[in-house]
Amino acid sequence: MTELAVTTKNIFKKKFNTPSHIYYSPGRINLIGEHVDYNDGFVMPGAIDKGIYFAFALNDTDEMNFYAIDFGESLTIKMADIKKMDSWKNYVLGVVNEFLLLGKNVKGFNCVFGGNIANGAGMSSSAAVEGGMAFAINESMNFGLNRKELALLCQRAEHNFPGVKCGIMDQYANMFGKRNHVILLDCQSITHEYLPLDITGYKIVLINSKVHHALAASEYNQRRKECEEGLIILKRNNSTVSSFRDVNPEMLAGLKDIMNPEVYKRCLYVVEEIIRTKKAAGFLKQNNIVAFGKLMFETHEGLRDLYDVSCEELNFLADHAATNKDVVGARLMGGGFGGCTINIVKEKGKELFVSETLSAYKKEFDMAAEVYEVNVGEGTNEIKN
């Protein structure tokens with residue numbers, strides 16, 4: 001059991017004086033396929049070895065008691081009084097609410113949780129909170145939902161309480177992560193295959209810009225709306241189109257004049273990113289990491305120029321990575337407007353890349369970036385004592 005797991009367990013014991021079950025719920029990376037999970041595309045995420053630990057036990061009451069270690073905040077609320085709140089509370093209560101909407105008899109419980117994912121870094125700490133909460137409830141109360149059902153429940157929770165109209169990728173990766181594999185997720189059929197991630201000689205390095213622009217959530221929902229508007233036009237003008245997967249760049253170009261320019265740009269990015277992700281899967285199966293990395297750079301350009309979800313700091317980090325001969329691929333990761341870049345770096349050049357990047361970023365923005373080296377690991381699970 002890790003030090004963080006033990007700390008979570010001990011805090012629970014001190015607060016509630018009872019034993020607890022311990023669960024681990026990971027964050028995620030996404031190698032390629034950004035902003036297409038809600039557009040019926042393909043994505044390539046993996047669970048990582050950074051996440052959130054939950055200590056959880058039933059309490060024989062109708063109350064839920066939460067303690068969020070990372071915020072130093074508590075919440076006690078009766079099951080009948082669940083409502084939208086703010087911050088982390090929306091994520092845990094949203095999950096409980098979804099079980100109630102399924103007609104499940106959720107019993108009172110005590111829960112302490114904390115982790116090592118930086119908020120706003122693009123590693124989906126929100127899905128880690130949701131996934132751990134859902135898994136603990138499902139296991140302890142024997143509700144019998146499978147991992148796919150839990151992922152979909154967590155997605156609904158994020159839609160309905162925090163109000164972020166996210167796709168399924170984050171929650172799915174959280175539930176289905178597999179060590180040394182990424183998930184090629186078909187977001188239309190919600191099925192997946194595992195792709196071995198053999199990156200011997202390379203490391204996955206995340207550079208956290210430490211910026212998180214307040215407009216991120218509203219802009220995220222706006223991008224989704226723009227894509228929906230574009231798809232309506234595509235369907236209206238071509239009977240073979242049922243989703244963006246049925247569209248190629250030439251077909252889209254033929255409708256450019258009748259689309260709002262911003263809508264056209266969003267659609268072009270989505271169409272190109274779906275094509276890129278399928279190509280990337282082929283390169284990964286061939287273990288061609290260099291060709292894979294070139295597609296990551298292309299994705300960043302699309303997110304910057306067509307989808308407009310990058311920012312000055314992320315562009316600086318991606319551009320800086322592109323000048324380093326030991327970096328084979330880099331791009332912004334996550335919703336955008338801040339958070340991390342993901343970089344695939346030759347192991348022999350990693351230390352120099354990191355030190356040069358931190359120095360250049362500090363000089364440019366007078367701000368210290370953070371670095372995380374991550375490995376691809378298992379999805380949400382119970383840690384046995």
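- Ring pair Tyr194/His192 is perpendicular by interplanar angle, where above 60° counts as perpendicular and below 30° as parallel.
- Using a 4.5 Å cut-off between side-chain heavy atoms of Ile, Leu, Val, Met, Phe, Trp and Tyr, with links allowed through other members, Val164 and Ile117 fall into the same hydrophobic cluster.
- One distance of note links CG of Asn375 with NZ of Lys50; it measures 9.0 Å at 0.5 Å rounding.
- Across all non-hydrogen atoms, the minimal contact from Ser243 to Gln188 is OG-NE2, 3.2 Å.
- Residues Leu145 and Phe99 have side chains in contact (heavy-atom distance under 4.5 Å, counting atoms from C-beta outward).
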Item to check | Step-by-step side chain to side chain donor-acceptor pair (under 3.5 Å) determination, Glu139 to His21 | outcome: CA-CA 10 Å; Glu139 291 290 301; His21 291 272; over 6 Å; no
Checklist entry - Could you go step by step and tell me if Cys311 and Leu314 meet the side-chain contact (heavy atoms from CB on, under 4.5 Å) rule? => result CA-CA 5 Å; Cys311 61; Leu314 289 172; 3.7 Å; yes
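- Across Ser20 and Ala57, no two heavy atoms sit closer than the pair CA-CB, 4.3 Å.
- Tyr67 and Trp88 are assigned to two separate hydrophobic clusters, defined by single-linkage of ILVMFWY side chains at heavy-atom distances under 4.5 Å.
- Side-chain atoms of Asn65 and Ser74 form no donor-acceptor pair, as typed in the model, at a separation below 3.5 Å.
- Between the side chains of Asn160 and Glu98, a donor-acceptor pair is found at a separation under 3.5 Å.
- Expressed to the nearest 0.5 Å, how far CG of Leu195 lies from CE of Met44 amounts to 5.5 Å.
- To the nearest 0.5 Å, atom NZ of residue Lys203 and atom CD of residue Glu347 are 4.5 Å apart.
- For the pair Glu313 (side chain) and Val211 (backbone), a donor-acceptor distance under 3.5 Å is absent.
- Nearest heavy atom pair, residue Lys148 against residue Ser189, reads NZ-O, 3.9 Å.
- The closest side-chain donor-acceptor pair between Glu370 and Tyr372 falls under 3.5 angstrom.
- Inter-residue side-chain proximity for Arg304 and Asp319 is flagged as met; some heavy-atom pair is nearer than 4.5 Å.
- Under 3.5 Å, the side chains of Thr380 and Asn174 contain a donor-acceptor pair of N or O atoms.
- Ion pairing of Glu382 with Lys384 is present here, as a side-chain N (NZ or NE/NH1/NH2) and a carboxylate O approach within less than 4.0 Å.
- No chain of hydrophobic side-chain contacts below 4.5 Å, direct or via other Ile, Leu, Val, Met, Phe, Trp or Tyr residues, connects Ile258 to Ile232.
- In this structure, CZ in Phe353 is found 8.5 Å from CG in Leu358, a value given to the nearest 0.5 Å.
- Val241 is connected to Val263 through a chain of hydrophobic side-chain contacts under 4.5 Å among Ile, Leu, Val, Met, Phe, Trp and Tyr, so both are in one cluster.
- When only modelled atom types and interatomic distance are considered, Thr8 and Asn10 share no side-chain donor-acceptor pair under 3.5 Å.
- Between Asn381 and Tyr23, the side chains place no donor N or O within less than 3.5 Å of an acceptor N or O (distance only, hydrogens not considered).
- Atom CD in Glu272 sits 10.0 Å away from atom NZ in Lys279 (nearest 0.5 Å).
- Proximity of a side-chain donor or acceptor of Asp186 to a complementary backbone N or O of Thr191 within less than 3.5 Å is not detected.
- At most 12 non-hydrogen atoms from other residues, nucleotides or ligands lie less than 6.0 angstrom from CG of Asp60.
- Looking at Arg331 and Glu298, no side-chain N of the basic residue comes within less than 4.0 Å of a carboxylate O on the acidic one, giving no salt bridge.
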Next on the checklist: Show, in sequence, the C-alpha distance, side-chain angles and deciding distance for Val327 and Lys346, and conclude whether the side-chain contact (heavy atoms from CB on, under 4.5 Å) test is met.
Outcome noted: CA-CA 6 Å; Val327 178; Lys346 291 180 182 176; over 6 Å; no
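- Residue Lys256 places its NZ atom among 12 or fewer non-hydrogen atoms of other residues, nucleotides or ligands, all under 6.0 Å distant.
- Residues Val309 and Leu332 come closest through the heavy atom pair O-CD2, 4.2 Å.
- Using a 4.5 Å cut-off on side-chain heavy atoms (C-beta onward), Glu273 and Ile32 make contact.
- A centroid separation of 6.0 Å or more is found between the aromatic rings of Tyr53 and Phe113.
- Looking only at side-chain heavy atoms (C-beta outward), Asn110 and Met64 stay at 4.5 Å or farther from each other.
- Between Phe292 and Val328, the closest side-chain pair of non-hydrogen atoms is not below 4.5 Å.
- For the pair Tyr38 and Cys166, the minimum side-chain heavy-atom distance is 4.5 Å or more.
- The pair Lys348-Asp326 meets the salt-bridge criterion, since a charged nitrogen lies less than 4.0 angstrom from a carboxylate oxygen.
- The shortest distance between side-chain heavy atoms of Thr341 and Asn208 does not fall below 4.5 Å.
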Item to check | Worked verdict on Phe109 versus Phe66 for ring pair (Phe, Tyr, Trp, His ring centres under 6.0 Å) | outcome: CA-CA 9 Å; Phe109 58 82; Phe66 299 96; 5.5 Å; yes
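- The aromatic ring centroids of Phe135 and Phe56 lie 6.0 Å or more from each other.
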Item to check | Worked verdict on Asp40 versus Arg245 for salt bridge (Lys or Arg N to Asp or Glu O under 4.0 Å) | outcome: CA-CA 7 Å; Asp40 289 333; Arg245 309 163 61 135; over 6 Å; no
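- No single ILVMFWY cluster, assembled from side-chain heavy atoms under 4.5 Å apart, contains both Met133 and Ile11.
- Atom NZ of Lys165 sits in a crowded spot, with more than 12 heavy atoms from other residues, nucleotides or ligands closer than 6.0 Å.
- If you look at Tyr91 and Phe161, their ring centroids are not closer than 6.0 Å.
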Item to check | side-chain contact (heavy atoms from CB on, under 4.5 Å) evaluation trace for Ile168 with Val43 | outcome: CA-CA 10 Å; Ile168 189 59; Val43 294; over 6 Å; no
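- In this structure, OG in Ser310 is found 9.0 Å from CG in Leu317, a value given to the nearest 0.5 Å.
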Item to check | side-chain contact (heavy atoms from CB on, under 4.5 Å) assessment of Thr357 paired with Val371 | outcome: CA-CA 10 Å; Thr357 300; Val371 178; over 6 Å; no
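- Within the 4.5 Å cutoff, the side chain of Ile204 has heavy atoms near those of the Ile342 side chain.
- Between Tyr307 and His35, the distance from one ring center to the other falls under 6.0 angstrom.
- Counting all heavy atoms, side chain and backbone alike, Ser209 lies closest to Tyr361 at O-OH, 2.6 Å.
- The shortest non-hydrogen separation linking Ala360 to His320 is CB-NE2, 3.7 Å.
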Checklist entry - Should Arg156 and Glu130 be marked as a salt bridge (Lys or Arg N to Asp or Glu O under 4.0 Å) after you check the CA-CA gap, both sets of side-chain angles, and the distance that decides it? => result CA-CA 10 Å; Arg156 294 195 301 272; Glu130 294 155 354; over 6 Å; no
Next on the checklist: I'd like to know whether Lys265 forms a salt bridge (Lys or Arg N to Asp or Glu O under 4.0 Å) with Glu226, so could you lay out the CA-CA distance, the side-chain angles of the two residues, the decisive distance to 0.1 Å, and finally the verdict.
Outcome noted: CA-CA 10 Å; Lys265 285 169 58 181; Glu226 288 165 344; over 6 Å; no
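- A donor-acceptor contact closer than 3.5 angstrom links the side chains of Arg276 and Thr299.
- Salt bridge status for Glu229 with Arg266: absent, with no side-chain N to carboxylate O gap under 4.0 Å.
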